[in-house]
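Here, residue 1 is the first one in the sequence, and each next residue gets the next number. Worth saying up front: this structure is predicted, and the values here are computed from it rather than measured. Scope of the values below: all heavy atoms of this structure, side chains included, with no hydrogens, waters or symmetry mates.
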Amino acid sequence: MLRQNLQQKLLQKLSPQQIQFIKLLQVPTVALDTRIKEELEENPALEDLSLTISEPEEQYPDRDPDDDDYNSDNEGSETDEFNIDDYLQDDDMNDYGSRYDQNGDDEDEKKEMPIAIQSSFIENLQSQLDMLPLSDKDFQIGRQIIGSLDDDGYLRRPITSLTDDLAFSQNVMAEDEEVEDMLKVIQGFDPAGVAARSLQECLLIQLRKKDANDPVVKKAILVVEEYLDEFTRKHYDKLEKSLNMSSNELRAVVNEILKLNPKPGDSSEVNTKQMQVIPDFHITNNDGVLILTLNSKNAPELKVSRSYQEMFQHYDKASQKDKKLKEAVQFVKQKLDSAKWFIDAIKQRQQTLLKTMNAIMHYQYDFFLTGDDKSLKPMILKDIADKIGMDISTVSRVANSKYVQTEHGTFLLKSFFSEAIQTESGEEVSNKEVKKILEEHIGKEDKRHPLADEKLTEILKEAGYNIARRTVAKYREQMNIPVARLRKEL
């Protein structure tokens with residue numbers, strides 16, 4: 001049986017401009033320049049004043065995305081009719097990009113950083129392979145092995161897979177034994193430990209390159225060969241008993257193993273994944289008064305193209321407006337709209353960044369004055385969102401990707417947010433303060449008898465912080481501090 005139902009739903013739909021603003025808001029400063037270049041390439045109606053040489057013109061009036069006029073323009077863009085005058089305004093924004101440049105360090109920021117010329121890890125191994133007197137077949141096998149290494153310098157694939165790859169992709173018919181022999185050759189390359197198939201093999205390769213007559217090296221090889229599990233778990237008592245060693249002898253062996261590199265691939269590889277941190281904000285202390293400035297890189301000098309506006313003048317003067325001309329002008333109009341939206345989104349991004357950071361600075365004023373973690377107040381995203389009258393998701397996007405430079409260091413905004421913990425006296429403190437106390441006690445502990453989580457819980461309770469052991473364990477893990485057993489030293 002068919003039934004008809006009438007349902008009413010309330011849906012919230014984001015406009016293209018809002019989506020563009022949200023995407024721009026979460027872009028960090030280091031990537032903003034790239035994003036702007038992409039937009040400049042895609043939209044010829046958008047221009048960068050810093051890349052053009054022209055006579056100064058009148059200022060393009062700033063437009064607030066929240067203004068009624070702005071919204072009415074957007075509504076009108078949905079129809080075929082439009083007002084030519086809207087696109088014939090003077091469009092220079094000479095003060096637009098310099099408004100936030102209050103630090104005087106703009107020239108330093110614009111200088112290109114020198115790039116170190118360094119051969120990659122794979123290229124280094126390939127050059128060592130090129131110097132060996134090898135047959136064509138062995139050379140091809142060697143290249144296949146080198147190309148199969150992961151970022152850490154390990155060979156994670158089985159020999160049989162390499163043999164199959166050689167046959168199918170290189171047309172080289174090789175036996176597993178030939179690949180194994182060539183692997184041993186590459187394991188003799190620098191850095192030591194490269195092309196190992198396990199951590200144990202990696203450490204043994206490095207140890208066997210050392211003085212074979214050294215008793216400490218001999219014992220270190222024995223530990224890695226027979227007792228690696230006990231070593232990694234720091235069961236030193238078992239090692240002393242099993243190997244009949246004194247504490248001093250075992251300490252020397254442990255130190256010898258700790259000198260080895262467990263990730264030889266990292267030793268010469270240029271880490272391109274790590275992005276340079278460019279602060280979005282600068283906070284300076286002027287005799288106890290904090291001054292907030294926005295990095296000038298966040299304020300590009302963008303304008304709407306004059307030549308595209310002149311196309312509208314041509315349309316307005318045209319006596320005959322045929323279909324092709326109308327289509328061309330609609331295209332130009334769409335590009336001009338897009339350019340204006342992008343400029344407004346950039347401006348709104350700047351305003352939101354400053355508004356959010358200003359609220360955070362005043363909320364954590366004592367910290368920015370002193371740099372003391374213990375002066376951080378409990379602060380959650382909602383606190384700042386309520387303060388600036390914005391959505392929590394907006395504050396989150398700013399906090400997760402933006403940095404502030406202070407006289408005490410450069411910090412990710414996210415690091416200033418923390419939960420509240422109540423002391424025995426009823427005072428609310430930040431969990432950052434508790435983490436700082438934990439870090440201090442762990443730093444001062446006797447490494448031969450490190451403090452267990454239960455003991456750390458007792459210490460915190462004595463200091464007036466009544467928290468559970470599992471919370472202590474959670475904070476320790478958040479600070480990347482291992483359990484007591486793994487912090488033990490001889």
What residues form a side chain to side chain donor-acceptor pair (under 3.5 Å) with E201, not counting sequence neighbours? Q187, R197
Would you say the side-chain atoms of [X] pair up with the backbone N or O of [Y], donor to acceptor, closer than 3.5 Å?
{"X": "D280", "Y": "Y403", "value": "yes"}
{"X": "N286", "Y": "V289", "value": "no"}
{"X": "E445", "Y": "P450", "value": "no"}
{"X": "T232", "Y": "L228", "value": "yes"}
{"X": "T471", "Y": "I467", "value": "no"}
{"X": "H362", "Y": "N358", "value": "yes"}
{"X": "Q206", "Y": "N261", "value": "yes"}
{"X": "S127", "Y": "N124", "value": "yes"}
{"X": "S401", "Y": "R397", "value": "yes"}

Any side-chain heavy-atom pair from [X] and [Y] closer than 4.5 angstrom?
{"X": "L376", "Y": "Q364", "result": "yes"}
{"X": "Y154", "Y": "P264", "result": "yes"}
{"X": "S338", "Y": "E39", "result": "yes"}
{"X": "I278", "Y": "N295", "result": "yes"}
{"X": "T394", "Y": "I388", "result": "no"}
{"X": "L413", "Y": "F281", "result": "yes"}
{"X": "Q200", "Y": "V224", "result": "yes"}
{"X": "L258", "Y": "F231", "result": "yes"}

Residues forming a salt bridge (Lys or Arg N to Asp or Glu O under 4.0 Å) with R349, sequence neighbours excluded: none
Show your reasoning for whether salt bridge (charged side-chain N to carboxylate O under 4.0 Å, His left out) applies to D366 and K377. CA-CA 9 Å; D366 291 340; K377 296 178 183 176; 5.2 Å; no
Looking only at non-hydrogen atoms, find the nearest pair between [X] and [Y] and report the distance.
{"X": "S375", "Y": "T370", "answer": "OG-OG1, 3.4 Å"}
{"X": "L155", "Y": "A195", "answer": "CB-O, 4.1 Å"}
{"X": "F417", "Y": "I380", "answer": "CD2-C, 3.5 Å"}

Listed partners of [X] passing side-chain contact (heavy atoms from CB on, under 4.5 Å), at least two apart:
{"X": "N285", "result": "L290, L369, E407"}
{"X": "T457", "result": "K461, R469, V472"}
{"X": "R476", "result": "D453, A473, I481, V483, R487"}

Got a sec, which pairs hit side chain to side chain donor-acceptor pair (under 3.5 Å) with one end in residues 434-443, sequence neighbours left out? K435-Q478
Can you tell me how far apart [atom1] ([X]) and [atom2] ([Y]) are? Round to the nearest 0.5 Å.
{"X": "Q128", "Y": "D190", "atom1": "CD", "atom2": "CG", "result": "5.5 Å"}
{"X": "L125", "Y": "I186", "atom1": "CG", "atom2": "CD1", "result": "7.5 Å"}
{"X": "Q348", "Y": "Q351", "atom1": "CD", "atom2": "CD", "result": "7.0 Å"}
{"X": "I437", "Y": "L456", "atom1": "CD1", "atom2": "CG", "result": "11.5 Å"}
{"X": "F367", "Y": "I360", "atom1": "CZ", "atom2": "CD1", "result": "12.0 Å"}
{"X": "T352", "Y": "M390", "atom1": "OG1", "atom2": "CE", "result": "4.0 Å"}

Please determine if [X] and [Y] form a salt bridge, counting it only when a charged side-chain N lies under 4.0 Å from a carboxylate O.
{"X": "D344", "Y": "K340", "answer": "no"}
{"X": "D383", "Y": "K387", "answer": "no"}
{"X": "D151", "Y": "K263", "answer": "no"}

Counting only heavy atoms from other residues, nucleotides and ligands, does the tally under 6.0 Å from CZ of R233 exceed 12? no
Check step by step if side-chain contact (heavy atoms from CB on, under 4.5 Å) holds for I36 and L32. CA-CA 6 Å; I36 291 171; L32 181 63; 3.9 Å; yes
Output, in order, the C-alpha distance, side-chain angles, deciding distance and verdict of side-chain contact (heavy atoms from CB on, under 4.5 Å) for E123 and I146. CA-CA 9 Å; E123 288 170 347; I146 290 172; over 6 Å; no
side-chain contact (heavy atoms from CB on, under 4.5 Å) between F416 and F368: does it pass, once the steps are laid out? CA-CA 10 Å; F416 301 124; F368 289 114; 3.6 Å; yes
Test side-chain contact (heavy atoms from CB on, under 4.5 Å) applied to L129 and R143, step by step: CA-CA 8 Å; L129 183 70; R143 285 188 62 181; 3.8 Å; yes
